[in-house]
Amino acid sequence: MTPRARFSPSPTGPFHVGGARTALFNWLFARHEGGAFLLRNEDTDRARSSDHWLEGILDGLRWLGMDWDEEIMRQSERSEEHLAAARQLVEGGQAYWCDCTREAIEARKGPGGGYDGFCRDRGLGPGDDRAIRFAVPREGATTVTDVLRGTPTFENATIDDFVIVRRGDAPMFVLANVVDDEFQRITHVIRGEEHLSTTPKYLLIRRALGLGTDPAFAHLPLIVNERREKLSKRRDKVQLLSYRDEGYLPEALRNYLALLGWAPREGEEIATLETMVEQFRLEDVSRSPAMFDVKKLNHFNGHYIRELGAGEFAAAARPFVEPAVERFDPELFTQVAPLAQTRVDRLADVPELLGFLFSDRVEFDEASWEKGIAKNEWSADVLRDAAAAYVEAAWETEALKDTTVAIGERHGLKLGKAQAPIRVAVTGRTGAPRLCGSLAALGRETTLQRVNGALERI
RNA sequence: GCCCCCAUGGUGUAGCGGUUAGCACGCGAGCCUUUCACGCUCGUAGGGAGAGUUCGAGUCUCUCUGGGGGUACCA
């Protein structure tokens with residue numbers, strides 16, 4: 001039987017990096033096994049779900065390079081099937097109608113307690129203000145067979161009778177899950193560890209429904225923050241597409257995400273999609289929570305940025321630079337983009353680096369001004385000298401270098417030192433692309449303007 | 001409270017009873033260098049605690065401790 005995995009997000013918010021990782025592992029598994037990767041839109045929470053969020057999820061999947069098989073299943077269109085299953089359970093005495101309110105339950109059991117089975121034997125029929133609960137066997141235990149975690153076993157007595165259909169004929173998550181996994185003939189349920197403790201409920205429903213062979217489960221380790229808590233949308237930066245907006249490359253993010261709980265068998269962490277597909281095995285996935293480490297992500301992104309061809313890099317960076325500068329010049333940008341390629345980890349950092357070439361004035365970074373100009377009493381002399389020498393100099397990188405070396409020699413300075421005040425005068429900062437190439441790109445007129453401007457500022 | 005999961009340097013991991021505990025990120029130093037980067041080299045730091053099994057344990061068992069997840073008429 002060919003394996004069939006699924007990613008089943010609920011479209012109730014921006015696509016989450018944790019969801020992306022789950023999708024990726026499902027996808028890698030399916031592709032490695034030559035199986036199917038299916039998508040299911042779990043929109044049973046009608047109040048919170050929207051197609052807008054679904055679009056974001058699909059966008060994110062495509063961006064990361066994942067494709068899917070067959071048509072996307074929309075869970076809300078299958079409520080008839082879910083309700084039929086619930087009806088079957090009620091008829092079989094494995095589920096029952098319940099009219100208890102939250103308040104009534106708390107009044108009986110005190111706050112925080114679970115459901116007490118009050119309605120189990122009351123023989124209630126259907127009603128608009130009634131829900132259907134699953135009658136969990138009072139005896140026995142339910143064992144989950146998990147590829148990663150062995151056989152966690154849950155005493156049935158510790159599981160409360162849970163709701164499978166809400167008031168108003170709205171099927172709940174576990175029920176819909178069981179019915180739809182069966183319908184889609186899912187063989188492998190690969191999802192986050194937060195679902196492990198609801199899995200016995202899933203299994204209990206399957207048994208009660210008389211379904212055949214259970215799917216295999218793999219509960220992936222959670223992705224946590226620096227405080228070791230599950231990534232939360234309130235505290236942590238979890239929106240997948242916000243990474244795209246900051247200039248992370250999909251191959252970098254995808255590679256990094258794959259490493260959260262998994263490592264290629266042989267050595268290299270930097271791996272192509274093909275390699276990952278080839279090497280991915282579910283049983284190699286780690287069990288312990290993994291922290292989302294932006295520093296490492298940045299390193300990966302920098303690596304992939306450097307792997308781009310010059311033209312590719314310019315094309316990728318352009319959308320970040322164009323809107324961020326005063327007057328964008330596409331030709332000039334193509335010419336100078338390589339100056340930035342080894343200097344950034346994120347494309348969104350390019351404008352800060354090259355902005356001086358596309359602006360009418362220099363924005364001085366004060367720390368740079370201090371270090372490059374104010375601190376050294378000879379700065380003014382060098383700048384005056386430069387202002388004179390650059391009037392006559394041939395305007396081309398190599399010639400400019402010779403000219404600048406000569407300026408330094410006249411003041412007893414090596415190029416490395418002599419260029420510092422000039423760099424700050426022209427770019428506003430101390431760490432920047434190579435000076436002479438930058439001057440060549442900037443042009444004689446602007447260069448002179450800025451050198452003189454700095455002289456006035458001293 | 002109850003249930004379940006997890007535990008190798010700061011972080012992500014390799015190891016599957018015998019290794020000087022490997023790799024990557026980070027951090028530090030050096031080299032390279034037109035500053036800053038990139039790149040390269042070296043360094044830094046580790047199996048939560050305690051019992052047991054064994055000739056031998058990060059690897060197997062148990063207890064404890066710590067962390068996390070779940071416990072909704074959310075998914």
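Within every chain, numbering begins at 1; the chains are lettered A, B, ... in the order of the sequence lines, protein sequences first and strands thereafter.
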J.: Please pick, from B:rU34, B:rA37, B:rC25, the nucleotide with the shortest atom-to-atom distance to any side-chain atom of A:Lys295.
T.: B:rC25
J.: To the side chain of A:Ser288, which of B:rU34, B:rA7, B:rA75 is closest?
T.: B:rA7
J.: Who is the Watson-Crick or G-U wobble partner of B:rC40, with both distances under 3.5 Å?
T.: B:rG30
J.: Could you check whether A:Ala290 gets within reach of a base, just the sugar-phosphate, or nothing at all, counting any heavy atom under 4.0 Å?
T.: sugar-phosphate
J.: Counting heavy atoms from C-beta on, name the nucleotide in B:rG69, B:rU35, B:rC74 closest to the side chain of A:Gln419.
T.: B:rU35
J.: Paired with B:rU53 by Watson-Crick or G-U wobble geometry, both distances under 3.5 Å: which nucleotide is it?
T.: none
J.: Under 4.0 Å between a side-chain N or O of A:Arg228 and OP1 or OP2 of B:rC6?
T.: no
J.: So, does A:Gln94 use its side chain to make a donor-acceptor pair with the main chain of A:Ala208 at under 3.5 Å?
T.: yes
J.: Under a 3.5 Å limit for both distances, which nucleotide forms a Watson-Crick or G-U wobble pair with B:rU35, could you say?
T.: none
J.: Can you tell which of B:rU34, B:rU71, B:rC38 lies closest to the side chain of A:Thr397?
T.: B:rU34
J.: Does A:Leu148 offer a backbone N or O that forms a donor-acceptor pair with the side chain of A:Asp146 under 3.5 Å?
T.: yes
J.: A:Arg306 near the nucleic acid: base, sugar-phosphate alone, or nothing, with a heavy-atom cut-off under 4.0 Å?
T.: sugar-phosphate
J.: So, under a plain 3.5 Å distance rule, would you say the side chain of A:Arg343 forms a donor-acceptor pair with the base of B:rC38?
T.: no
J.: Would the A:Phe25 and A:Trp262 ring centres measure less than 6.0 Å apart?
T.: no
J.: Within 90° of 0 counts as syn, otherwise anti: where does B:rG43 fall?
T.: anti
J.: Output all residues satisfying salt bridge (charged side-chain N to carboxylate O under 4.0 Å, His left out) with A:Asp365, sequence neighbours left out; order by chain, then residue number.
T.: none
J.: When both hydrogen-bonding distances must be under 3.5 Å and the geometry is Watson-Crick or G-U wobble, what is B:rC16 paired with, if anything?
T.: none
J.: Has the side chain of A:Glu229 got a donor or acceptor atom sitting under 3.5 Å from an opposite partner on the base of B:rG69?
T.: no
J.: Check nucleotides 2-5 of chain B against the protein and report each pair of N or O atoms closer than 3.5 Å, with its distance, or say if there are none.
T.:
from: B:rC5; atom 1: O2'; to: A:Arg149; atom 2: NH1; distance (Å): 2.6
from: B:rC5; atom 1: O2'; to: A:Glu193; atom 2: OE1; distance (Å): 3.4

